[in-house]
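To start, the structure itself, in structure tokens.
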Amino acid sequence: MRLTLVKLQTTLTGKIFDVDRIRDDFPILSRKINGKPLVYLDNAATSQKPISVINAITDYYKKYNSNIHRGVYSISIEANEAYEKAKENIRAFINAGDVREIIFTRGTTEAINLVAYSYGFTHVNEGDEVLISAMEHHANIVPWQVLCQQKNAKLKVIPVNSKGKLEMEEFKRLLTPKVKIVAVCHISNSLGTINPVKEVIRLAHENGSVVLIDGAQAIHHTNVDVCDLGADFYAFSGHKMYGPMGIGVLYGKAELLEAMPPYQTGGDMISSVSFEKTIYNDIPLKFEAGTPNVEGTVGISAAIDYINEVGLDSIHKQESELLDYATEKINQIEGVRIIGTAQNKASVLSFVVNGLNALDIGIMLDTYGVAVRTGQHCTEPLMDIFGIPGTVRASFAFYNTLAEVDIFIEALKSAISTLKR
Ligand code: PMP
């Protein structure tokens with residue numbers, strides 16, 4: 001009964017969600033691993049790509065590959081148009097007010113570094129503070145740590161409770177006038193916790209702090225409206241949202257970006273250069289030095305079209321159902337403890353098994369064709385807080401099925417009994 005519910009459901013917008021049909025869009029999902037169907041449950045690390053994204057990228061190389069910006073010939077103009085169209089598609093997707101607020105980066109990591117080095121180095125001074133949370137990915141820790149070390153500023157950390165929920169009362173206490181920047185994730189990659197980022201931004205703004213939201217795990221799970229959130233900066237990666245690797249986005253409020261110095265320098269980010277002096281280009285080009293990843297922009301745009309076609313409400317519904325079902329099943333296995341039990345969670349299921357090493361479990365699961373991630377998930381300080389060396393993490397996408405959850409659970413049971421022998 002449950003299976004049919006998930007396979008064919010009518011969404012709020014009246015669209016039919018047919019998971020079998022959706023799976024046909026993803027060629028990799030028909031692969032066999034060790035003679036068994038691939039059960040891909042590492043979507044928080046990277047998502048698989050629909051054929052429309054793959055085709056958009058190959059089309060670019062087959063039909064109009066060329067460098068953009070100053071090309072006067074047809075295929076360069078086509079490539080330039082594709083790049084501009086991608087920016088507009090992203091603007092609309094996150095409801096930014098102005099396309100100049102969209103900057104292409106290599107990914108979330110580069111987007112956060114851009115803000116830390118450009119905004120951070122010009123606004124954070126000795127004695128100031130930067131506030132992050134205990135559940136941040138290393139990409140949202142290390143750039144701020146480097147900034148604070150170099151500026152003699154202090155990095156402070158909002159604690160999480162035993163369920164993996166942000167301690168909002170502690171956040172309010174830590175939010176002093178010294179805090180110049182607050183940087184938190186929208187959704188935790190290790191725990192799945194969905195943070196109340198709108199409230200975080202509201203409180204930080206009341207305090208006069210600027211806010212960066214690491215949206216790497218949120219952009220493909222939930223409707224992100226940067227205007228409604230009020231975020232000053234919002235960062236995400238193409239490869240987590242069914243697009244290619246090596247492309248990402250930094251959204252920044254125009255008035256902040258305009259006042260910020262460039263992060264990298266070279267071609268394209270200038271409007272005029274002499275040996276004595278350089279005049280920088282306007283935003284967003286001021287932050288896009290060098291030949292852009294045109295292939296990536298075409299791919300991320302096709303990924304957005306794909307998400308829009310499926311619908312974020314259908315995606316959310318399917319992923320919630322998978323998470324609930326997997327959580328219920330895994331809770332029945334003796335010795336398994338879920339890490340990250342906040343009520344408001346995305347489809348990430350992190351767990352430890354009494355007496356067993358996460359890595360061994362991951363390797364065993366692969367023999368059943370089940371791909372999961374094991375270890376610290378680039379959140380070593382968070383693992384230290386939970387007092388564990390790492391977890392096994394199964395993360396679900398809308399193209400996963402309840403039948404795959406069953407395969408995963410059975411494989412996990414077998415792995416545990418073999419490893420315990
Ligand atoms: N933040 C979070 C929450 C993430 O999950 C990731 C990717 N694992 C990153 C930042 C870094 O993203 P990327 O490696 O694509 O730059």
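Both ligands and their constituent atoms are indexed starting at 1 by order of listing. Values below: all heavy atoms of this structure, side chains included; hydrogens, waters and symmetry mates excluded.
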Are there any N/O pairs under 3.5 Å between ligand 1 and the protein, and if so, what are their distances?
unit_1	atom_1	unit_2	atom_2	d
ligand 1	1 (N)	Asp214	OD1	3.3
ligand 1	1 (N)	Asp214	OD2	2.5
ligand 1	5 (O)	Gln217	NE2	2.7
ligand 1	8 (N)	His137	NE2	3.2
ligand 1	8 (N)	Lys240	NZ	2.6
ligand 1	15 (O)	Ser237	OG	2.7
ligand 1	15 (O)	His239	NE2	2.8
ligand 1	16 (O)	Thr108	N	3.3
ligand 1	16 (O)	Thr109	N	2.9
ligand 1	16 (O)	Thr109	OG1	2.6

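At a threshold of 4.5 Å between non-hydrogen side-chain atoms, the residues Val182 and Phe171 count as touching.
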Using distance only, find each side-chain donor-acceptor pair of residues 280-288 under 3.5 Å and give its atom names and separation, not counting sequence neighbours.
unit_1	atom_1	unit_2	atom_2	d
Asn281	ND2	Asp268	O	3.1
Asn281	ND2	Ile270	O	3.3
Lys286	NZ	Leu257	O	3.1
Lys286	NZ	Glu258	O	3.0
Lys286	NZ	Met260	O	2.6
Glu288	OE1	Tyr83	OH	2.3
Glu288	OE1	Lys87	NZ	3.4
Glu288	OE2	Lys87	NZ	2.6
Glu288	OE2	Phe104	N	2.7

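At a threshold of 4.0 Å, the pair Lys85-Glu88 does not count as salt-bridged, since none of the basic side-chain nitrogens sits closer than that to a carboxylate oxygen. Between Glu169 and Arg173 there is no salt bridge, since none of the side-chain N atoms of the basic residue sits less than 4.0 Å from a carboxylate O of the acidic one.
For Thr58, the side-chain contact (heavy atoms from CB on, under 4.5 Å) partners are Asn55, not counting sequence neighbours. With sequence neighbours excluded, the residues that form a side-chain contact (heavy atoms from CB on, under 4.5 Å) with Ser414 are Tyr368.
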